[in-house]
Structures are given as structure tokens and as C-alpha cells.
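One-based numbering along the sequence shown. Please read these numbers as outputs of a predicted model, since none were measured by experiment.
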Amino acid sequence: MSNSSSFNEFLLRAFADSRELQLLHFLLFLGIYLAALLGNGLIITAVACNHHLHTSMYFFLLSLSVLDLGTISTTVPKSMANSLWDTRAISYSGCAAQVFLVVFLFAAEYFLLTVMAYDCFVAICRPLHYRTIMGSRACVRMAAAAWASGFLYAVLHTGNTFSIPLCQGNRVDQFFCEIPQILKLSCSDSYLREVALLVVSIFLVFGCFIFIVLSYVQIFAAVLRIPSEQGRHKAFSMCLPHLAVISLFVSTLTFAYLKPPSISSPSLDLVVTVLYSMVPPTVNPLIYSMRNKELKEALRKMIQLVQCQHQ
């Protein structure tokens, strides 16, 4: 194959060869996918329908749930369908769309988590100016900037990746189309353009990470100065879920892409990819609802309302 135009599909990695294990993979992924749909769907519905939750924090949480739903829906259904129908194929255009959506949704989520760190900082460290700084228009603009930045980032990566000639076959050693695996199929030095783009990305990611760390240093310093234990508990309840979510998001992605080559193997790469692509979207709703009384109360009322309507 001389270049990428010589084939019209890619072959994704199969989780198993036997029919029984393929069906087991389908059922396992189906359970995780339904859990993610339920958790994020409940948060989206609760925030959208409860006017008490129409604040900046819950607006960003709703946006995060939408991104989580998009992330897991981009990769998991195709993998389940391939196992169910005993195939590995994904069309060339489908692979390009998958790469674009994965990069877009992950980048937008990371930028949004950075914005949410700023929201926590203003709420704890600048409480008297919170309504002025984090007004509804400002929140919409921040969220839109996160989504737009993710979109632009994905356009650059996707366009660059699929402009590179491929001559090492069409087998992608992952359960969805992932840029590093596609670059392994390159047959020219043009992949250096992607490396250059990745270097720029590292600086961007590191910049956001430093901003988050500095925000939390000031947040914890402010919380420790709060005289009442109840006030400290309330402040921690506001920020700890976000800190847990971003720690899970960053740690899984960091290990996936920066783990030492000495411990890298196809099987480990597959497991790590499953962790960073499926665990955060599924666990995030649980993390945010565990310590948030307002959200738990809204969810309880919504479930009671649904039960009453069915009686």
C-alpha cells in the first residue's frame, strides 16, 4: 500500500477471538456504557430541570456530563458492534471522524476542567466578587471557549494525521482509532509534523495543569484560614469532587501516553486505553453526586416524580 488512499477501511484490534469471549466483551462494555448513560443523563436532567441548580458550578457540571457522554459514545458502541457482529472493520471516514471526536471531546473536557478550577478559586478566594466575575454571560463564554479550543485542536490534529501517507498496512492496534496507533502506519518523515504539534500540545496541557495547581494552592490556603469547621467542610465539599475528577482524568491519560517504553506492551496499552476512555465518563457522575447535597436532593426529587407518574 503506497498511501492512505489505497484502502478505504481500517481494522481495529479485537478483544478476543472466540465467540464466547466476544459476547462477554460486548456485555461488559454494554454494562459500563449504560452506567455512563444513566449517571450522566441523570445529572444533565437534574441540572436542566431544577432552577435551584442554575448556577455556574452546575452549568459547568452539565457541560462536563455532555462531554463525558460524547466521549464514551464515540468509542464504545463501535467496539461493541464489532464484537457482536464478529468484525474488526471501521471505514476510513469513520476512523477519521472517531479521531476528530475523541481529540475534540477530551481536549474540550480538559479545558473545561481548567475553567472549573477557576470557578472554584473565585468561589473560595473571591466570594464577595463571585456573582460579578462568574455571571451567566461569563460562564457561557468560558464554556464556549473550552469547546471552541477543543474543536480547533481536533481539526489541527485530525487534518495533520490523515494527511500523512500510510504504507504499513491498515491494522490499528487499539479498539478505536487512536492517533499514536495510526502514526505507526506512516511510511514517511511527515509524521514529524504531528510530533511538532504534540510538543506544542504538551506546553498547552502543562500550562493548564500549572494553572490548576496554583488555583488549588490558593484555594487550600484560603480554606485553612476559615475559622469555622462547618465553613471548611462546605468549602472542601465544593472543591474536592472537582479535584478528584481532574486527578482521575490527568492520571489515566498521563500513564497512557507517558508510561516508560520498557513496560509498554499491546495488552497493557489496551487495558490503559480502556481505563482512560471509559472509567472517567462512568465514574465522574458518582464522584460529583456523593458529597453534593443539593445534587443528591435534586436527583431524589426527580426519581420520586418519575415514580409517582408511573403509579
Side-chain angles (χ1 to χ4, degrees), residues 36 39-40 43-44 47 53 55-75 101-126 130 133-134 138-154 157 200-220 223 235-258 275-292 295:
N40 288 288
I43 286 183
I44 291 171
V47 174
L53 301 183
T55 63
S56 62
M57 182 179 75
Y58 294 107
F59 170 73
F60 292 137
L61 180 57
L62 183 148
S63 298
L64 181 67
S65 292
V66 171
L67 289 171
D68 281 336
L69 277 181
T71 299
I72 200 166
S73 297
T74 300
T75 58
L101 289 172
V102 166
V103 176
F104 163 53
L105 293 166
F106 271 109
E109 181 162 342
Y110 185 62
F111 296 140
L112 184 66
L113 288 171
T114 305
V115 171
M116 292 172 75
Y118 178 70
D119 179 62
C120 288
F121 165 77
V122 176
I124 301 298
C125 301
R126 303 287 188 272
Y130 183 77
I133 299 174
M134 302 300 296
C139 291
V140 170
R141 288 172 182 169
M142 291 179 187
W147 284 67
S149 300
F151 181 86
L152 179 60
Y153 185 75
H157 267 295
V200 174
S201 303
I202 290 172
F203 281 105
L204 183 62
V205 169
F206 189 69
C208 290
F209 182 74
I210 291 298
F211 179 84
I212 293 169
V213 170
L214 292 178
S215 296
Y216 270 99
V217 168
Q218 296 183 71
I219 286 171
F220 286 130
V223 170
F236 277 127
S237 296
M238 179 188 300
C239 297
L240 286 182
H242 173 262
L243 187 60
V245 166
I246 200 165
S247 298
L248 179 64
F249 183 83
V250 171
S251 61
T252 52
L253 277 173
T254 300
F255 184 74
Y257 289 104
L258 298 180
L275 287 177
Y276 85 71
S277 63
M278 297 179 63
V279 172
T282 307
V283 175
N284 285 353
L286 183 62
I287 293 174
Y288 266 104
S289 59
M290 281 178 59
R291 296 176 60 90
N292 192 309
L295 186 58

Atom OG1 in Thr282, atom CG in Asn40: separation rounded to 0.5 Å?
-> 8.0 Å
Side chain to side chain contact (heavy atoms under 4.5 Å, CB included) with Tyr276: of Phe106, Phe255, Phe249, only one passes, and it is Phe106
Above 12 or not: heavy atoms from other molecules or residues under 6.0 Å from CZ of Phe211?
-> yes
Thr71 versus Ser277, closest heavy-atom pair with distance = CG2-O, 4.2 Å
Please tell me if the side chains of Val279 and Thr252 come closer than 4.5 Å, counting only heavy atoms from C-beta onward.
-> no
Residues 138-150, side-chain donor-acceptor partners within the protein, below 3.5 Å, at least two apart:
{"residue": "Ser149", "atom": "OG", "partner": "Ala145", "partner atom": "O", "Å": "2.7"}

Going through the distances and angles, do Ser63 and Phe59 end up as a side-chain contact (heavy atoms from CB on, under 4.5 Å)?
-> CA-CA 6 Å; Ser63 298; Phe59 170 73; 4.3 Å; yes
Name the one of Asp68, Leu240, Asn284 that satisfies side chain to side chain contact (heavy atoms under 4.5 Å, CB included) with Val245?
-> Asn284
Are the side chain of Tyr216 and the backbone N or O of Cys239 linked by a donor-acceptor pair below 3.5 Å?
-> yes
Taking atom CG of Leu105 and atom CZ of Phe151, what is their separation to the nearest 0.5 Å?
-> 11.5 Å
Mind checking the CZ-CD spacing from Arg126 to Gln218? Nearest 0.5 Å is all I need.
-> 7.0 Å
Do Leu61 and Leu295 come close enough that some side-chain heavy atom pair is under 4.5 Å?
-> yes
CZ/Phe209 to CD1/Ile246 distance, rounded to the nearest 0.5 angstrom?
-> 8.0 Å
What pairs of donor and acceptor atoms, side-chain ones from residues 112-123 against any protein atom, are under 3.5 angstrom apart with sequence neighbours left out?
{"residue": "Thr114", "atom": "OG1", "partner": "Tyr110", "partner atom": "O", "Å": "3.0"}
{"residue": "Asp119", "atom": "OD1", "partner": "Ser56", "partner atom": "OG", "Å": "3.0"}
{"residue": "Asp119", "atom": "OD1", "partner": "Tyr130", "partner atom": "OH", "Å": "2.6"}

Reported CZ-to-SG distance for the pair Phe220 and Cys125, which is rounded to 0.5 angstrom | 10.5 Å
Side chains of Ile44 and Leu69 in contact at under 4.5 Å (non-hydrogen atoms) = yes
His242 side, atom NE2; Leu64 side, atom CG - distance, nearest 0.5 Å | 8.0 Å
